Amino acid sequence: MLSPELPNCPELTGCAGCAILVEKFMVTVRFAPSPTGYLHLGSARTALFNWLYARHTGGRFLLRIEDTDRSRSDSRFLEEILRGLRWLGIDWDGEPIYQSQRFSLYREKARMLLAQGKAYMDGRAILFSVNKGRTVEYEDIVHGKISVATDEIKDQVLVKSDGSPSYNFACVVDDADMAITHILRGDDHISNTPKQILFYEALGLEPPRFGHMPLILGPDGAKLSKRHGGVSVEEYRKEGFLPEALVNHLILLGWYPGEEHEILTLEEAVRLFDIADLNAVQAKFDMQKLRWLNAEHIMRKKTEDLLTLIKEQLGAAGVDFSGMGDDYLLKLIDLYKVRMKTLREFVGLTECFFRDDFSVEEEGRKKYLDKQESRKNLGLLADRLEALQEFTARAIEEACRSLAEEKGLKPASLIHPARMAVSGRTSGAGLFEMMELLGREKVLTRLRGAWR
RNA sequence: GCCCCUGUCGUCUAGCCCGGACUAGGACAUCGCCCUUUCAAGGCGGCAACACGGGUUCAAAUCCCGUCGGGGGCGCCA
């Protein structure tokens with residue numbers, strides 16, 4: 001699909017004139033990070049929406065690295081930002097452009113304005129003179145008409161004394177040079193926009209369309225801080241969040257896909273996205289909703305696709321799973337897939353499968369294991385299980401229930417102590433499935449295990 | 001201080017542009033019930049909002065004005 005501005009041409013398929021038109025009207029957006037920090041949620045969301053728009057319209061999504069402040073820029077940050085984008089599923093077209101390599105272009109444009117009397121020297125810097133007494137007006141994609149009196153705008157630095165360009169000037173020169181058609185960015189840039197429009201006018205250029213998305217707030221309504229989820233995208237990965245979930249939440253924080261589509265994938269988002277529906281209201285980041293979305297995406301994901309991620313979590317937690325085959329891990333993941341909100345939680349949930357000295361809940365131990373009666377029953381259960389032909393969940397359950405019946409017990413009074421003995425926890429996956437996976441030997445040892 | 005953006009359940013939102021079908025719908029969270037060997041998952045249900053004050057109108061969540069609240073900006077940072 002093409003940009004809405006594209007003239008109606010029924011023969012858009014082939015002719016050379018149309019090819020030029022297509023090129024000219026193709027949506028071109030960009031993400032322009034400054035490599036002076038990590039990729040945080042706010043910038044990730046900005047990148048995401050630009051990308052969604054490009055992919056939805058079949059346009060281009062370009063990358064521009066705003067590294068004009070060389071002392072603060074660091075390639076480590078850049079790498080982390082690019083890694084973060086890739087992880088989220090955001091790809092870009094062509095090679096990134098680096099502002100640090102284009103200083104001569106900015107200076108040339110500034111000298112042009114100087115020569116035209118639209119700018120003046122101030123020491124070694126070049127300043128743009130703003131004509132007072134009028135208003136700059138533009139139609140914001142998300143906010144509608146926005147107008148500002150030029151009296152509110154003071155003369156703007158184009159080139160600093162050290163020869164580097166100011167942010168606003170480099171931004172305009174590059175956006176024009178890259179043929180950017182739409183700029184989606186944070187609300188914090190609203191007041192930059194009139195200044196930039198003035199530059200476009202002075203340079204004799206047509207400004208692109210601007211859209212300013214409200215900033216994401218922390219749960220307390222204040223700016224997203226480290227304390228409240230305002231950490232890098234990388235942190236969320238380490239915490240065990242799926243990129244699908246993070247992207248999903250970021251999308252919901254700026255655009256509403258409809259009641260039927262709250263849980264969606266990037267592909268669905270690309271298909272459904274409509275730039276006209278961007279929210280104009282600032283939204284608070286909601287960790288609960290993120291966790292819920294994460295759980296939903298984990299449940300929907302194929303177990304095989306979870307395997308590598310789970311191994312990463314186990315490895316990061318120092319769990320030794322070298323003795324376990326993928327088949328075993330796959331079954332284990334199946335057992336806990338609907339029980340974790342984050343991948344990291346898997347590690348704690350499944351401790352009893354990886355070590356015999358797993359931790360034991362005190363409450364549960366007192367309630368179920370410290371009783372003489374329970375121990376005796378567990379011993380009996382162990383004997384039954386030992387005699388089993390096949391050690392399957394089905395057979396185990398049968399043995400367990402018939403034992404309970406013979407003893408005149410409720411199955412639960414056998415099951416709860418058994419779960420405690422086998423896993424050290426009062427909650428978890430189905431007892432019989434756990435036992436089958438654990439294997440007869442471990443189960444018998446633990447059931448008979450004198451409660452350490 | 002000045003300028004700009006913004007205000008529907010605790011949170012994300014639908015509805016607002018094109019007033020009436022809104023006893024304001026959905027989702028997360030929370031509470032209860034069902035299912036059940038536990039915990040989840042799933043199903044069912046409950047609680048819960050049009051910031052406030054004026055207009056306009058037969059009629060306002062929807063249009064207008066003001067107040068208050070929230071956020072952002074006012075760098076030779078980006």
Side-chain angles (χ1 to χ4, degrees), chain A residues 32-37 43 66-69 71-73 99 122-127 140 142-144 146-149 151-154 156-171 186-195 212-217 219-223 249 251-263 276 279-293 295-296 299 335-341 345 349 364 368 397 400-401 404 410-420 423 425-434:
Chain A
S34 176
T36 53
S43 38
E66 309 215 322
D67 55 351
T68 55
D69 185 341
S71 60
R72 290 207 304 140
S73 298
Q99 289 193 320
D122 180 49
R124 294 177 57 85
I126 301 175
L127 298 204
D140 194 281
V142 340
H143 295 292
I146 291 183
S147 65
V148 177
D151 291 6
E152 303 294 335
I153 306 172
K154 51 184 181 183
Q156 297 291 307
V157 175
L158 298 179
V159 177
K160 304 176 202 172
S161 302
D162 67 358
S164 65
S166 71
Y167 163 75
N168 276 318
F169 191 56
C171 189
D187 257 358
D188 50 339
H189 286 288
I190 285 186
S191 52
N192 281 326
T193 306
K195 300 169 188 172
H212 292 92
M213 310 193 53
L215 270 17
I216 303 175
L217 268 32
D220 52 355
K223 206 170 176 174
H249 191 233
I251 286 174
L252 257 23
L253 248 25
W255 168 61
Y256 192 67
E259 284 172 10
E260 303 295 302
H261 300 283
E262 292 218 358
I263 299 168
N279 295 143
V281 191
Q282 52 214 3
K284 298 185 181 76
F285 183 79
D286 185 352
M287 186 54 90
Q288 291 304 328
K289 190 133 189 180
L290 208 216
R291 288 172 58 78
W292 172 72
L293 285 167
E296 291 292 327
M299 284 189 271
L335 245 37
Y336 285 89
K337 224 175 156 173
V338 294
R339 294 179 167 82
M340 48 179 156
K341 290 265 191 279
E345 285 175 0
L349 253 19
Y368 297 119
E397 174 160 12
C400 188
R401 289 191 188 280
K410 277 190 292 186
S413 61
L414 209 46
I415 288 169
H416 291 309
R419 177 195 313 287
M420 228 7 247
S423 72
R425 306 175 55 116
T426 54
S427 67
L431 176 66
F432 312 119
E433 286 78 17
M434 286 175 78

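Note that the coordinates shown come from a computational prediction; the quantities given were computed from them, not determined experimentally. All chains are named by letter (A, B, ...) in the order of the sequence lines, taking the proteins before the strands, and each is independently numbered beginning at 1.
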For A:Tyr256 and A:Glu262, does a side-chain donor sit closer than 3.5 Å to a side-chain acceptor?
-> yes

Between the side chains of A:Ser164 and A:Asp162, is a donor N or O closer than 3.5 angstrom to an acceptor N or O?
-> yes

Comparing nearest nucleotides in RNA chain B, the 5'-proximal residue of the pair A:Glu262, A:Gly144 is A:Gly144

Assign each of A:Val142 and A:Ser161 the nucleotide of RNA chain B bearing its closest heavy atom; nearer the 5' end lies the nucleotide of A:Val142

Touch check for [X], heavy atoms < 4.0 angstrom, all strands: base, sugar-phosphate only, or nothing?
| X | result |
| --- | --- |
| A:Thr68 | sugar-phosphate |
| A:Asp122 | base |
| A:Asn192 | base |
| A:Leu253 | sugar-phosphate |

Between [N] and [M], how many Å separate the two [atom1] atoms, rounded to a whole number?
| N | M | atom1 | result |
| --- | --- | --- | --- |
| B:C12 | B:A29 | P | 15 Å |
| B:C9 | B:C2 | C1' | 36 Å |
| B:C47 | B:G32 | P | 15 Å |

Among the nucleotides B:U13, B:A78, B:G72, which one has an atom lying closest to any side-chain atom of A:Ala283?
-> B:U13

Listed nucleotide nearest any side-chain atom of A:Val338, set B:C39, B:A78, B:A40 | B:A40

Who pairs with [X] by salt bridge (Lys or Arg N to Asp or Glu O under 4.0 Å), at least two apart in sequence or on another chain?
| X | answer |
| --- | --- |
| A:Lys341 | none |
| A:Asp188 | none |
| A:Glu433 | none |
| A:Arg425 | none |

Would you mind writing out the side-chain donor-acceptor pairs for residues 410-419 of chain A within the sub-3.5 Å range, not counting sequence neighbours?
from	atom 1	to	atom 2	distance (Å)
A:Ser413	OG	A:Lys410	O	2.6
A:Arg419	NH1	A:Ala429	O	2.9

B:U6 phosphate, OP1 or OP2, under 4.0 Å from A:Asn279 side-chain N/O | no

Do the side-chain N or O atoms of A:Lys410 get closer than 4.0 angstrom to the phosphate oxygens (OP1, OP2) of B:U38?
-> no

Mind listing the N/O atom pairs, protein and nucleotides 23-25 of chain B, below 3.5 Å?
from	atom 1	to	atom 2	distance (Å)
B:G25	N2	A:Glu259	OE2	3.0
B:G25	N3	A:Glu259	OE2	3.4

side-chain hydrogen bond (donor to acceptor under 3.5 Å, both in side chains) partners of [X], counting only residues at least two apart:
| X | result |
| --- | --- |
| A:Ser34 | A:Thr36 |
| A:His249 | none |
| A:Arg124 | none |
| A:Asp140 | A:Tyr138, A:His212 |

Assign a letter to each nucleotide of nucleotides 28-37 of chain B from its 5' end: B, base within under 4.0 Å of a protein heavy atom; S, sugar-phosphate only; -, no contact.
-> SS-------B

With a 3.5 angstrom cut-off on both distances, give the Watson-Crick or G-U wobble partner of [N], or none if there isn't one.
| N | answer |
| --- | --- |
| B:C17 | none |
| B:A61 | none |
| B:U30 | B:G46 |
| B:C2 | B:G73 |
| B:U67 | B:A51 |

Among A:Asn192, A:Asp69, A:Val157, side-chain contact (heavy atoms from CB on, under 4.5 Å) partner for A:Tyr167 | A:Asn192

Could I get a table of every N or O pair under 3.5 Å where one atom is in the protein and the other is in nucleotides 2-5 of chain B?
from	atom 1	to	atom 2	distance (Å)
B:C3	O4'	A:Glu152	OE1	3.4
B:C5	O3'	A:His143	ND1	2.9
B:C5	O2'	A:His143	ND1	3.3
B:C5	O2'	A:His143	NE2	3.4

